[in-house]
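Residues: numbered from 1 along the sequence shown. Small disclaimer: the values here were computed from a predicted structure and weren't measured.
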Amino acid sequence: MPKQKYRLETVLEIRDKAKKEAAQLVGVRRAQLAAAEDELERCHQAVRDNLQKQREQQDLMFAEINQGAEVRRAMDFRIHLTDLREIELDLRANVVKQEKVVEQAALELEKALEFLAEATKEVKVIEKHKETWRSNIKLETERKEQKLNDEIGAILYSPKSKQ
């Protein structure tokens, strides 16, 4: 008896391919989120470095003023500190932008995970159907074999065959 082909094999292959693509997408989204989080940390570090530099320059300015520095030198410090504060504002704006990028990357990862879960469910449904189909085919084959064996037994042990 020729082996029967599962009629939904193509559907199973398509869904399995979609599942693999979804898994790859999850990997890509995780990498994007990690990169965005790394960039956010870099932005935070830039703000911290800027604040440290401001403190150092302010301490230096006060030290020179206490030692009797010229007014022009004090004004140079003030201008430099103002520039550092403007840079800080730009850096903080970058932090806010990067936080939005991280948030968006997290949403994209969540969507990819949901898509993967759905694709996995679809594959499992078809695989379950295929298992049921295999069981039914096996049961049907066993019944046919049993019927054939019963017929052979009936023929071999029938009263006509004993003559």
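Two residues are said to be in side-chain contact when any heavy atoms from C-beta on lie closer than 4.5 Å; Glu9 and Leu12 meet this criterion. In this structure, Lys147 and Glu151 have side chains that are in contact, with non-hydrogen atoms separated by less than 4.5 Å.
Here the straight-line distance linking atom CZ of Arg48 with atom CD of Glu41 works out to 5.0 Å at 0.5 Å rounding. Put simply, CZ on Phe115 and CG on Leu25 are 7.5 Å apart, with the number rounded to the nearest 0.5 Å. Here the straight-line distance linking atom CG of Leu33 with atom CD of Glu103 works out to 11.5 Å at 0.5 Å rounding. To the nearest 0.5 angstrom, Arg134 atom CZ is 5.0 Å from Glu131 atom CD. The CD1 atom of Ile126 sits 11.5 Å away from the CG atom of Asp16 when rounded to the nearest 0.5 Å. One distance of note links CG of Asn50 with CZ of Arg92; it measures 8.5 Å at 0.5 Å rounding.
Taken together through direct or relayed side-chain contacts under 4.5 Å among Ile, Leu, Val, Met, Phe, Trp and Tyr, Leu109 and Val28 form parts of separate hydrophobic clusters.
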List the steps, then state whether side chain to side chain contact (heavy atoms under 4.5 Å, CB included) holds for Trp133 with Gln4.
-> CA-CA 10 Å; Trp133 174 81; Gln4 293 183 347; 4.0 Å; yes
Given side chain to side chain contact (heavy atoms under 4.5 Å, CB included), test Glu56 with Gln52 step by step and report yes or no.
-> CA-CA 6 Å; Glu56 290 170 0; Gln52 179 64 31; 3.2 Å; yes
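The environment of NZ in Lys53 is sparse: at most 12 heavy-atom neighbours from other residues, nucleotides or ligands sit within 6.0 Å.
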